[in-house]
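The structure under discussion appears below in the form of structure tokens.
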Amino acid sequence: MNTQVAIIGAGPSGLLLGQLLHNAGIKTVILERQTPEYVLGRIRAGILENGTVELLREAGVSRRMDAEGLIHHGVEFLFSGQRIPVPLSELTHGKSVMVYGQTEVTRDLMEARQSSGAPTIYGVEQVQLHSLKSDKPSVTFMHNGEQCKIECDFVAGCDGFHGVSRQSIPREILREYESVWPFGWLGLLSDTPPVNPELIYAHHERGFVLCSQRSLTRSRYYLQVPLTDKVEQWTDERFWNELKCRLPDELGQKLVTGHSLEKSIAPLRSYVVEPMQYGRMFLVGDAAHIVPPTGAKGLNLAVSDVNYLWRILRQYYHNGRTDLLSQYSQLALNRVWKGERFSWFMTHLLHDFQSKSAFDKKMQEADRQYYLGSRAGLTTIAENYVGLPYETVE
Ligand code: APR
Ligand code: PHB
């Protein structure tokens, strides 16, 4: 089998890259280890930056998102019971974010891929990448018990944190940067109306709380919990009681509880690998970087990588531009590190750290007072939250 770009992984990165390339007349094959149902079963964040929304529109997959997604012009913080609105649009010359779940983005992309007729092979095993430093890389894998091979011009490693792509780069070439956080997030999804029109990021001495939503009738809440907690220890009732306890009375009274559709604990990790390319293989999304979810940058950074890579590949195929290929890693990383910084900053600002020294706790408090007490501080938060601009590829 032959193609132009072999894409490993059919998560949001692989599917979006595939759609943009397909629309530009560039041939792709996507290889995915799991089934479509498994991929859609993963519950992830639900906040789309301005640039993400625009790229999904450019890819022609925005019909349902534009009809059902909720535009949010603000977000709220809550410290010591005090509510602090952050008017995102006012602070960013009219920009906003959209509430539309990652699962829905993935579903829309899967449907678009299917109707385009471009191939996605699900259930592949033992994917191996070969000759990445040559002009003719190839990918081998097992499918339905048969050994298969794809010859291609480029490989896009969109296979997430545990994928094979990053592992195919010689170790001595890679530099990994990592920080693991000393707590987790316990999330609960329920068909109950959100407690507040805007998302609320709340600090509490018992731990951080996020009140998020998927729609006007579906809520997503998170509680900071010790890493040693197991989800079985958290009945729905215990979750709702703890949430109420961490919210001020006026919100606690409005909270509508209900049975959970999903409940899980996720650890928090900050991770970046450099460089994000090796010969003719490019790493995209979670394959190259992970952020803690505070600020919802995971999907948005994946889309940012796709934005750069597909423009570079289009310039290569349409205009013969070979010079841009080597620029991918640096372009992507410039923005990745800013996203890492913001996620790190938000995580520090909002969580309870038992391990912090008395001095560091005072610094955390001063950060809160400074960032949330001045227009300059709020503007910094707002411009990062709606998403920093992309550099142009030319
Ligand atoms: N072969 C084929 N497919 C693989 C392999 C492999 N060896 N290893 C992993 N995959 C698949 C996974 O099954 C998964 O469907 O690659 C896909 C990677 O998808 P994601 O993990 O969702 O990563 P990405 O597409 O980069 O999306 C980034 O997802 O994890 C969140 O916070 C993250 O929101 C961000 C977004
Ligand atoms: C979510 O809705 O799942 C969500 C929203 C915002 C975040 C993280 C997660 O910062």
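Both ligands and their constituent atoms are indexed starting at 1 by order of listing.
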_Enclosure of Q233 CD (heavy-atom neighbours >12, cutoff 6.0 Å)_ = yes
_Please determine whether the number of non-hydrogen atoms from other residues, nucleotides or ligands lying under 6.0 Å from atom NE2 of H130 exceeds 12._
yes
Report yes if [X] has an N/O atom closer than 3.5 Å to an N/O atom of ligand 2; otherwise report no.
{"X": "Y201", "result": "yes"}
{"X": "T294", "result": "no"}
{"X": "Y222", "result": "yes"}

*Lys/Arg N to Asp/Glu carboxylate O, E262 vs R220, below 4.0 Å*: yes
*Does E198 come within less than 4.0 Å of R83, counting only side-chain N to carboxylate O?*
no
_Test of understanding: with ring pair (Phe, Tyr, Trp, His ring centres under 6.0 Å), list the residues that count as partners of Y370, not counting sequence neighbours._
none
*asked:* Test: side chain to side chain donor-acceptor pair (under 3.5 Å). Region: residues 115-127. Which pairs qualify, not counting sequence neighbours?
replied: R113-T120
*Please verify whether a non-hydrogen atom of M346 lies at under 4.0 Å from ligand 2.*
no
*Using a strict cut-off of 4.0 Å, indicate which atoms of ligand 2 neighbour a heavy atom of I47.*
5 (C), 6 (C)
*Determine whether the side chains of Y316 and R314 contain a donor N or O and an acceptor N or O closer than 3.5 Å.*
no
Filter the ligand 1-protein atom pairs down to N or O on both sides and distance under 3.5 Å, then list them.
{"unit_1": "ligand 1", "atom_1": "3 (N)", "unit_2": "R33", "atom_2": "N", "d": "3.2"}
{"unit_1": "ligand 1", "atom_1": "8 (N)", "unit_2": "R33", "atom_2": "NH2", "d": "3.4"}
{"unit_1": "ligand 1", "atom_1": "13 (O)", "unit_2": "E32", "atom_2": "OE2", "d": "2.6"}
{"unit_1": "ligand 1", "atom_1": "15 (O)", "unit_2": "E32", "atom_2": "OE1", "d": "2.7"}
{"unit_1": "ligand 1", "atom_1": "15 (O)", "unit_2": "E32", "atom_2": "OE2", "d": "3.1"}
{"unit_1": "ligand 1", "atom_1": "15 (O)", "unit_2": "R42", "atom_2": "NH2", "d": "2.7"}
{"unit_1": "ligand 1", "atom_1": "22 (O)", "unit_2": "R44", "atom_2": "NH1", "d": "3.1"}
{"unit_1": "ligand 1", "atom_1": "25 (O)", "unit_2": "P12", "atom_2": "N", "d": "3.3"}
{"unit_1": "ligand 1", "atom_1": "25 (O)", "unit_2": "S13", "atom_2": "N", "d": "3.0"}
{"unit_1": "ligand 1", "atom_1": "25 (O)", "unit_2": "S13", "atom_2": "OG", "d": "3.2"}
{"unit_1": "ligand 1", "atom_1": "26 (O)", "unit_2": "S13", "atom_2": "OG", "d": "2.7"}
{"unit_1": "ligand 1", "atom_1": "26 (O)", "unit_2": "D286", "atom_2": "N", "d": "3.0"}
{"unit_1": "ligand 1", "atom_1": "29 (O)", "unit_2": "R44", "atom_2": "NH1", "d": "3.1"}
{"unit_1": "ligand 1", "atom_1": "29 (O)", "unit_2": "Q102", "atom_2": "NE2", "d": "3.0"}
{"unit_1": "ligand 1", "atom_1": "30 (O)", "unit_2": "R44", "atom_2": "NH1", "d": "2.8"}
{"unit_1": "ligand 1", "atom_1": "30 (O)", "unit_2": "D286", "atom_2": "OD2", "d": "2.4"}
{"unit_1": "ligand 1", "atom_1": "34 (O)", "unit_2": "Q102", "atom_2": "OE1", "d": "2.6"}
{"unit_1": "ligand 1", "atom_1": "34 (O)", "unit_2": "L299", "atom_2": "N", "d": "2.9"}

_Parallel, tilted or perpendicular, as decided by the 30° and 60° cut-offs, for the rings of F282 and Y328_ = perpendicular
*Which pairs, with at least one residue in residues 260-280 and sequence neighbours excluded, count as a ring pair (Phe, Tyr, Trp, His ring centres under 6.0 Å)?*
F161-Y271
*Examine the proximity of ligand 2 to V99 and report which part, side chain or backbone, both or neither, has a heavy atom under 4.0 Å away.*
neither
*asked:* Counting only heavy atoms closer than 4.0 Å, does ligand 2 sit against the backbone of A45, its side chain, both, or neither?
replied: both
*So which protein heavy atom does atom 5 (C) of ligand 2 come closest to, and at what separation?*
S212 OG, 3.4 Å
*What's the shortest distance from atom 8 (C) of ligand 2 to any protein heavy atom, and which residue and atom give it?*
P293 O, 3.2 Å
*How about I150 and F141: do any of their side-chain heavy atoms sit closer than 4.5 Å?*
yes
